[in-house]
Colleague: 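I'd like to ask you about the structure that follows.
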Protein chains: 2
Amino acid sequence: MTNILRCYLMRQFSGDNNNNYCCDMRGMLGFLILFLLSKKPMHGQEIAEEIARRKGEKPSPGTIYPALKNLRQMGFIISDEKEGKTIVYSLTDRGKNALRTSKRRFIQTFLGVFP
Amino acid sequence: MTNILRCYLMRQFSGDNNNNYCCDMRGMLGFLILFLLSKKPMHGQEIAEEIARRKGEKPSPGTIYPALKNLRQMGFIISDEKEGKTIVYSLTDRGKNALRTSKRRFIQTFLGVFP
DNA sequence: TTATATATATCGGATGACCAATATATTACG
DNA sequence: CGTAATATATTGGTCATCCGATATATATAA
């Protein structure tokens, strides 16, 4: 595991606050993808389209696929056997745990923003 | 107004999706500050402490003050006359509008994340 | 078969959030 | 008064997100 991945992991999903990355608000894309995949397994384009529906702008391939690659390398998502041209991703148990932790922090941070 | 500020403005607060910055998820700090100030006027340290309470980690001075400066330069917040060592910030009308737009986009993007 | 559309993938570059270190000003306390 | 603590502010540097461009593979249509 590279240092970059470790930092990303710590920053986004660690419950341990003894690191310097907690205040970095970047990385909502990974979080959002995990959340979307927790609803139902999807392939890359499906995810991009769902994000487009929510944000009004579709993330480019250069955004979505590296993000998926990171999440896969971290063991948070797994790709089913490639069938044809689509690759369907779903959450691993580790991904579910990561999402749970991440969600708790997200909710706590933005408490009151939602009506 | 510099180009950087314009891009930031467009990215974070514009309802116009015809720009290339909508998919950038960075900048949650500015949004969070606007939200906190909408509850009550605060000075820098108060804001930092409230964020610490929510996130579990206090943003450094090098994070919070440039963020406040940006928001001020964009006309979203205004500083009351400096009394002693504290500078109390509050939202301008433009800041309130920005927050409203930003909030709508935030809620739409993360729909379902909150319980 | 060939052409087009779709899905996946990678790379280079730009960007700006963020922190650590540092500096200054004001207040509080001895 | 001088020292310590608090609040504000700036700078330099690191970092990873994100996009645009490009490439490849598969599926569909002609």
Side-chain angles (χ1 to χ4, degrees), chain A residues 2-13 17-33 42-52 55 57-74 77 79-89, chain B residues 2-12 17 19-33 42-52 55 57-74 77 79-89:
Chain A
T2 68
N3 192 43
I4 290 176
L5 284 180
R6 178 158 41 244
C7 289
Y8 185 83
L9 178 63
M10 286 173 63
R11 221 188 56 229
Q12 286 303 314
F13 303 103
N17 289 331
N18 295 328
N19 65 68
N20 298 323
Y21 298 91
C22 294
C23 280
D24 190 343
M25 302 296 272
R26 289 178 281 184
M28 304 305 294
L29 181 60
F31 171 70
L32 188 55
I33 291 177
M42 285 188 277
H43 64 274
Q45 283 302 314
E46 259 183 298
I47 296 172
E49 283 158 18
E50 176 59 25
I51 291 175
K55 301 186 55 189
E57 192 85 358
K58 188 173 178 175
S60 74
T63 299
I64 202 77
Y65 291 110
L68 285 171
K69 187 181 178 184
N70 279 336
L71 293 173
R72 195 180 63 235
Q73 286 176 335
M74 283 185 275
I77 64 177
S79 56
D80 303 337
E81 288 305 305
K82 183 174 179 179
E83 292 181 5
K85 60 181 171 180
T86 65
I87 299 178
V88 177
Y89 290 97
Chain B
T2 68
N3 192 43
I4 290 177
L5 284 181
R6 179 157 41 245
C7 289
Y8 185 84
L9 178 62
M10 286 175 63
R11 219 187 57 226
Q12 287 303 315
N17 289 329
N19 64 68
N20 298 323
Y21 299 92
C22 294
C23 280
D24 191 342
M25 303 298 269
R26 289 177 281 184
M28 303 306 293
L29 181 61
F31 171 70
L32 188 55
I33 291 176
M42 286 187 276
H43 64 273
Q45 284 302 314
E46 260 184 297
I47 295 172
E49 283 158 18
E50 176 60 26
I51 291 175
K55 300 185 58 189
E57 191 84 359
K58 188 173 178 175
S60 74
T63 298
I64 203 77
Y65 291 109
L68 285 170
K69 187 181 177 186
N70 279 336
L71 293 173
R72 195 181 64 235
Q73 285 177 335
M74 283 186 278
I77 64 177
S79 57
D80 302 338
E81 288 306 304
K82 183 173 181 177
E83 292 180 6
K85 60 181 173 181
T86 65
I87 299 177
V88 177
Y89 290 97

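Worth saying up front: this structure is predicted, and the values here are computed from it rather than measured. Below, each value reflects all heavy atoms present in this structure, side chains not excepted, and no hydrogens, waters or symmetry copies. To find a chain, count down the sequence lines: A is the first, B the second, and so on, and within it residues start at 1.
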Colleague: Rounded to the nearest angstrom, tell me the gap between atom CD1 in B:Ile33 and atom P in C:dA17.
Modeller: 11 Å
Colleague: For the atom pair CG (B:Leu29) and CG (B:Asn70), what is the distance rounded to the nearest 0.5 Å?
Modeller: 10.0 Å
Colleague: Tell me yes or no: between the side chains of B:Lys85 and B:Gln45, is some donor less than 3.5 Å from an acceptor?
Modeller: no
Colleague: What integer distance in Å separates A:Lys58:NZ from D:dC18:C1'?
Modeller: 16 Å
Colleague: Specify the closest pair of heavy atoms between A:Pro59 and A:Ala52, including all atoms of both residues, with the distance to one decimal.
Modeller: CD-N, 4.4 Å
Colleague: Between B:Tyr65 (OH) and C:dG16 (P), how many Å, whole number?
Modeller: 24 Å
Colleague: In terms of side-chain heavy atoms of B:Thr86, which of C:dC19, C:dA9, D:dT8 is nearest?
Modeller: D:dT8
Colleague: OP1 or OP2 of D:dT10 less than 4.0 angstrom from a side-chain nitrogen or oxygen of B:Lys69, does that happen here?
Modeller: yes
Colleague: What integer distance in Å separates B:Ile47:CD1 from D:dA7:P?
Modeller: 13 Å
Colleague: Base, sugar-phosphate, or nothing: which does A:Gly44 touch, judged by heavy atoms less than 4.0 Å apart?
Modeller: sugar-phosphate
Colleague: Establish, with yes or no, whether the OP1 or OP2 oxygen of C:dC18 is under 4.0 angstrom from a side-chain nitrogen or oxygen of B:Thr63.
Modeller: no
Colleague: Distance check, rounded to the nearest 0.5 Å: A:Lys55 atom NZ versus A:Leu32 atom CG?
Modeller: 7.5 Å
Colleague: To the nearest Å, give me how far apart NE2 (A:His43) and C1' (C:dA9) are.
Modeller: 15 Å
Colleague: Looking at residues at least two apart in the chain, or sitting in another chain, which of them share a side-chain contact (heavy atoms from CB on, under 4.5 Å) with B:Lys69?
Modeller: B:Arg72, B:Gln73
Colleague: Considering residues at least two apart in sequence or located in another chain, which fulfil the side-chain hydrogen bond (donor to acceptor under 3.5 Å, both in side chains) criterion with A:Glu49?
Modeller: none
Colleague: Quick one: what's the B/S/- string for nucleotides 22-30 of chain D, heavy-atom cutoff under 4.0 Å, read 5' to 3'?
Modeller: ----SS---
Colleague: Could you state the CD-P distance from B:Glu57 to C:dA17, rounded to the nearest angstrom?
Modeller: 19 Å
Colleague: Any chance you could measure A:Ile64, atom CD1, to A:Ile47, atom CD1, to the nearest 0.5 Å?
Modeller: 6.0 Å
Colleague: Grab the CD-C1' distance between B:Gln73 and D:dA9 for me, whole Å please.
Modeller: 13 Å
Colleague: Rounded to whole angstroms, how far apart are CE on B:Met28 and P on C:dG16?
Modeller: 17 Å
Colleague: Can you tell me which nucleotide in C:dC19, C:dA9, C:dT8 comes closest to the side chain of B:Pro59?
Modeller: C:dC19
Colleague: With respect to the side chain of B:Ser60, which nucleotide from C:dA20, D:dG20, C:dA9 is positioned closest?
Modeller: C:dA20
Colleague: Toward the 5' end of DNA chain D, which comes first, B:Leu68 or A:Ile64, by nearest nucleotide?
Modeller: B:Leu68
